[in-house]
> 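I have a structure here, written as structure tokens, and I will follow up with some questions on it.
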Amino acid sequence: MSNILVTGAGGQLGSEIKKLAYKFTDYNFIYTNSSELDITNHIAVDSFLIFNKITIVINCAAYTAVDKAEKTKY
Ligand SMILES: NC(=O)c1ccc[n+]([C@@H]2O[C@H](COP(=O)([O-])OP(=O)(O)OC[C@H]3O[C@@H](n4cnc5c(N)ncnc54)[C@H](OP(=O)(O)O)[C@@H]3O)[C@@H](O)[C@H]2O)c1
């Protein structure tokens, strides 16, 4: 059975994927929110993928604060 990682699972898109996942019984869904897995931390992401034998990633994580994104410089 393939393991699918759904990142940003606490968000709007992630929550919808959660609702639909039961239809896909050939897959094992693993959900993470930002406190469990920060997608900007590539070391943490690499480790998570390897440790959990993830073969598919559905990335629902995103910086969606549009106004802040316009103003904040990194
Ligand atoms: N909603 C829609 O109808 C829709 C339609 C088409 C496309 N999309 C796209 O889908 C993506 C998600 O949209 P959304 O509406 O679901 O947004 P959302 O409700 O704001 O959810 C985004 C999620 O990403 C998480 N996140 C932010 N930074 C992260 C990080 N560094 N590591 C891990 N998780 C992180 C947030 O967690 P925290 O809150 O804990 O930071 C939040 O749970 C966006 O790219 C959007 O453009 C959405």
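Counting starts at 1 for both ligands and their atoms, in listed order. Treat the numbers as computed from the prediction; the structure is a model and nothing was measured.
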> Within the protein, flag every N or O under 3.5 Å from an N or O of ligand 1, and note the pair and distance.
{"unit_1": "ligand 1", "atom_1": "16 (O)", "unit_2": "Q12", "atom_2": "N", "d": "3.1"}
{"unit_1": "ligand 1", "atom_1": "16 (O)", "unit_2": "L13", "atom_2": "N", "d": "2.7"}
{"unit_1": "ligand 1", "atom_1": "19 (O)", "unit_2": "Q12", "atom_2": "N", "d": "2.8"}
{"unit_1": "ligand 1", "atom_1": "20 (O)", "unit_2": "T64", "atom_2": "OG1", "d": "2.6"}
{"unit_1": "ligand 1", "atom_1": "24 (O)", "unit_2": "A62", "atom_2": "N", "d": "3.2"}
{"unit_1": "ligand 1", "atom_1": "31 (N)", "unit_2": "D38", "atom_2": "OD1", "d": "2.8"}
{"unit_1": "ligand 1", "atom_1": "32 (N)", "unit_2": "I39", "atom_2": "N", "d": "2.9"}
{"unit_1": "ligand 1", "atom_1": "40 (O)", "unit_2": "S34", "atom_2": "OG", "d": "2.4"}
{"unit_1": "ligand 1", "atom_1": "43 (O)", "unit_2": "G11", "atom_2": "N", "d": "3.1"}

> Once side-chain hydrogen bond (donor to acceptor under 3.5 Å, both in side chains) is applied, what residue pairs with a partner in residues 39-49 remain, sequence neighbours excluded?
D38-T40
> Other members of the hydrophobic cluster containing V6, with the 4.5 Å side-chain heavy-atom rule, please.
I4, I17, F24, Y27, F29, Y31, I56, I58
> Verify the cluster assignment for I30 and L37: are they in a single hydrophobic cluster under the rule of side-chain heavy atoms below 4.5 Å apart?
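I30 clusters together with L37.
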> Verify the neighbour count for atom CG of L20: are there more than 12 heavy atoms of other residues, nucleotides or ligands below 6.0 Å?
yes
> Quick one: list whatever passes side chain to side chain donor-acceptor pair (under 3.5 Å) with N59, sequence neighbours left out.
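T7.
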> Out of curiosity, C60 SG to N33 CG, how far, rounded to the nearest 0.5 Å?
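Going from the SG atom of C60 to the CG atom of N33 covers 12.5 Å.
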